[in-house]
Student: 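Sharing a structure here in structure tokens format.
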Amino acid sequence: MRLKDKVALVTGGAAGIGLACARAFAAEGAKVVIADLAVARGEAAVEALQEAGSDALFVRCDVGSRAEVEALIASTVAAFGRLDVALANAGIVKAGDFLEFSEEDFDAVLRVNLKGVFLTGQAAARQMVAQGTGGAIINMSSVNAVMAIPSITPYVVAKGGVNQLTKVMSLALADKGIRVNGIGPGSIRTEVLASVVNDPEKMKGVLMRTPLGRVGEPEEIASVAVFLASEEASYITGQTIYPDGGRLALNYTVPVKG
């Protein structure tokens, strides 16, 4: 077990990629804390982990609030004594025409997707420094940190910021034994992508720009998270890994059957 006796925190862990990561951490021996605003789903996820024999805790947390993030870290330490891995995964998407985006929508996305990653990483790092044993911080980015889709402008801006935040955090924390890396998924089969997966025409558009010819599964992102959290990645910091089916390498569309 690659994370035996480690304590791992996952924000936005009640569903989708976050839940898959929480399950994968637990399967590798970690004690897991799931943080989310979706209380019922978060508690159900933790109950399932506990029934499977893992130590797990749910904490309701708004990652855009410093006070709530600090309380989250305190709850984690109170329950399990320490914090070794922090995955800042919580995120939201708001879509619309660039000319019509409201200031409120722009601010809301950056508050969760960028400020929330900063607050989570800073609070987690402070705890790791206090412990004196280092740790691993993982920030959930996106291929949209590199590409640009105008209908989700705030999301694109926030994820671009996450990539730079990952780099600067890695430099600031390297001498403290804390590694900081990012994961930039492509099109993954989550609730956010459900409207695309269930629409043959939209799905064709996604597959035309995905060389591997399929969408990814949350568990495929979780396997990258486990790697980055483990000692297998002991000499990796400041990097963002893109499990995207080849999308970022593609400079043309590929034929799709059917």
Student: Run the side chain to side chain contact (heavy atoms under 4.5 Å, CB included) check on I183 and I138 step by step: do they pass?
Tutor: CA-CA 7 Å; I183 304 175; I138 305 167; 3.8 Å; yes
Student: With a 4.5 Å cut-off on side-chain heavy-atom distances among I, L, V, M, F, W and Y, is there a chain of contacts connecting V85 to L72?
Tutor: no
Student: Spell out, yes or no, whether V129 and L165 are grouped together once hydrophobic residues are joined by side-chain heavy atoms under 4.5 Å, including indirect joins.
Tutor: yes
Student: Does the side chain to side chain contact (heavy atoms under 4.5 Å, CB included) test come out yes or no for I241 and I236, once each step is laid out?
Tutor: CA-CA 11 Å; I241 297 175; I236 300 176; 5.5 Å; no
Student: Could you tell me whether the side chain of N113 and the main chain of A158 form a donor-acceptor pair under 3.5 Å?
Tutor: no
Student: Spell out, as yes or no, whether a donor-acceptor pair under 3.5 Å connects the side chain of N89 to the backbone of G12.
Tutor: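 A pair under 3.5 Å: yes.
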Student: If hydrophobic clusters are built by linking Ile, Leu, Val, Met, Phe, Trp and Tyr wherever their side-chain heavy atoms come under 4.5 Å apart, do M128 and L228 end up in the same one?
Tutor: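 No.
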Student: Provide the closest heavy-atom pair for M169 versus I137 in the form atom of the first, atom of the second, distance.
Tutor: CE-CG2, 3.9 Å
Student: Before giving the answer on salt bridge (charged side-chain N to carboxylate O under 4.0 Å, His left out), spell out for D62 and R111 the whole-Å C-alpha distance, their side-chain angles and the decisive distance to 0.1 Å.
Tutor: CA-CA 10 Å; D62 171 7; R111 180 181 182 275; 2.8 Å; yes
Student: For the hydrophobic clusters of this structure (ILVMFWY residues joined by side-chain heavy atoms under 4.5 Å, transitively), does one cluster hold both Y155 and F106?
Tutor: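 The answer is no; the residues belong to distinct hydrophobic clusters.
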Student: Decide yes or no on side chain to side chain contact (heavy atoms under 4.5 Å, CB included) for R41 and F58, but give the supporting numbers first.
Tutor: CA-CA 10 Å; R41 297 183 74 170; F58 173 75; over 6 Å; no
Student: With the 4.5 Å side-chain cut-off for hydrophobic clustering, are V93 and V157 part of the same group?
Tutor: no
